[in-house]
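Ligands are counted one by one from 1 in listed order, and the atoms in each one are counted from 1 as well.
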Amino acid sequence: MIGRFDDLPLAPLQPLPFDWLRRHGVELAVLRLDLIDPLISGNKWFKLLEHLRVAQAQGAPGVISLGGAHSNHLHALASAGKRFGFATVGLLRGHAQDTPTVRDLQAFGMQLHWLGYGGYRERHQPGFWQPWQALYPGWHCVAEGGGGPLGAKGCGLIVEQAQAQLAALGWAEYHGWWLAAGTGTTLAGMVLAEAGRHEVHGALAVPLDHGVPEAVQALVGTAGYHLHEACRGGFGKVDDELLAFMAECEAQAAMPLEPLYTAKALLALRREVEAGAFGPGTRLIFLHSGGLQGRRGFA
Ligand SMILES: *Cc1c(COP(=O)(O)O)cnc(C)c1O
């Protein structure tokens, strides 16, 4: 049974000091989801919140989900299970691998099943969950990455956490959000929470033709957000300019980034700021969506 789980601290909101912002009169603060907990990190925790509420209400014995051998989502689920004392099962893509993430999942007590590549490809088929529901009766099943309407709903809390800290930052107001988008679920949840009050900018970690615009539109319609190309040749593609930018940001702001989502998003923001997309006096909030545990796979 799932007990209390929603007492994690606020993600801190901090000013960012980069020269490229100052030159264009743009102010940027970062909401550090990477700092909410030593183990449970990032937007994946917010995407899980409503799933855990449903599982708790249904008296589910545990939670099952799926992902790859570096999955930030499975990592957040397994560490939440350990922290809050509920059972977790992970269905993994491919064949048994030893990665830092997989070692953590095991240490957190997550039961792992390797589905192979073919088995994992079946995950969107109607009968996919049946054998797992038979093996784990009454468990709550979460789709890959925690996507969909329940995942989006939990991300509304991200907006609340930032707004609760604006005064402490000395900001009366802000003009918009800038964040990385993978499936676009986090962005969709923030668009819903903002309800048109502030623009939400999503920097795409995947190519524009990978279905994200359609998925976001299905969740929230067409208003209140903009999607920007940011993947630099494909999901997971890393280049020298990106790595140099990442190192420079880390040195200037004492803020660790990872190359797949947060560094690409911030580099895309610099491109827009330098192109004059935001006028002087614009105040933006960059979402640090976490994911640092997955960076170990890149070393
Ligand atoms: C998963 C992930 C994202 C993308 O979130 P979506 O809700 O799929 O758009 C962004 N940043 C990090 C660090 C992630 O792990």
One residue to check: [X]. Relative to ligand 1, which of side chain, backbone, both or neither has a non-hydrogen atom less than 4.0 Å away?
X      : value
Thr183 : both
Asn43  : side chain
Lys47  : side chain

Output yes when a side-chain donor or acceptor of [X] lies under 3.5 Å from a complementary backbone atom of [Y], and no otherwise.
X      : Y      : result
Glu250 : Leu257 : yes
Gln97  : Thr99  : no
Arg32  : His288 : no

Could you list the atoms of ligand 1 found under 4.0 angstrom from a heavy atom of [X]?
X      : value
Thr186 : 5 (O), 6 (P), 7 (O)
Ala181 : 9 (O)
Lys44  : 1 (C), 2 (C), 3 (C), 14 (C), 15 (O)
Gly291 : 13 (C)

Ignoring angles and geometry beyond distance, decide whether [X] reaches within less than 3.5 Å of ligand 1 through its nitrogen or oxygen atoms.
X      : answer
Ser289 : yes
Glu258 : no
Gly182 : yes

Please find the pair of heavy atoms, one from His140 and one from Gln58, that lie closest to each other, and give the distance. ND1-OE1, 4.1 Å
Residue pair Ala162 / Leu13: nearest heavy atoms and the distance that separates them: O-CD2, 3.8 Å
For Tyr174 and His198, I'd like to know if the aromatic rings sit close, meaning centre-to-centre distance below 6.0 Å. yes
For Tyr261 and Phe235, I'd like to know if the aromatic rings sit close, meaning centre-to-centre distance below 6.0 Å. yes
Using heavy atoms and a 4.0 Å limit, tell me yes or no: is Gly184 in contact with ligand 1? yes
For atom 13 (C) of ligand 1, the closest protein heavy atom turns out to be Gly290 O, 3.2 Å
Salt bridge present between Arg271 and Glu241 (N-O < 4.0 angstrom): no
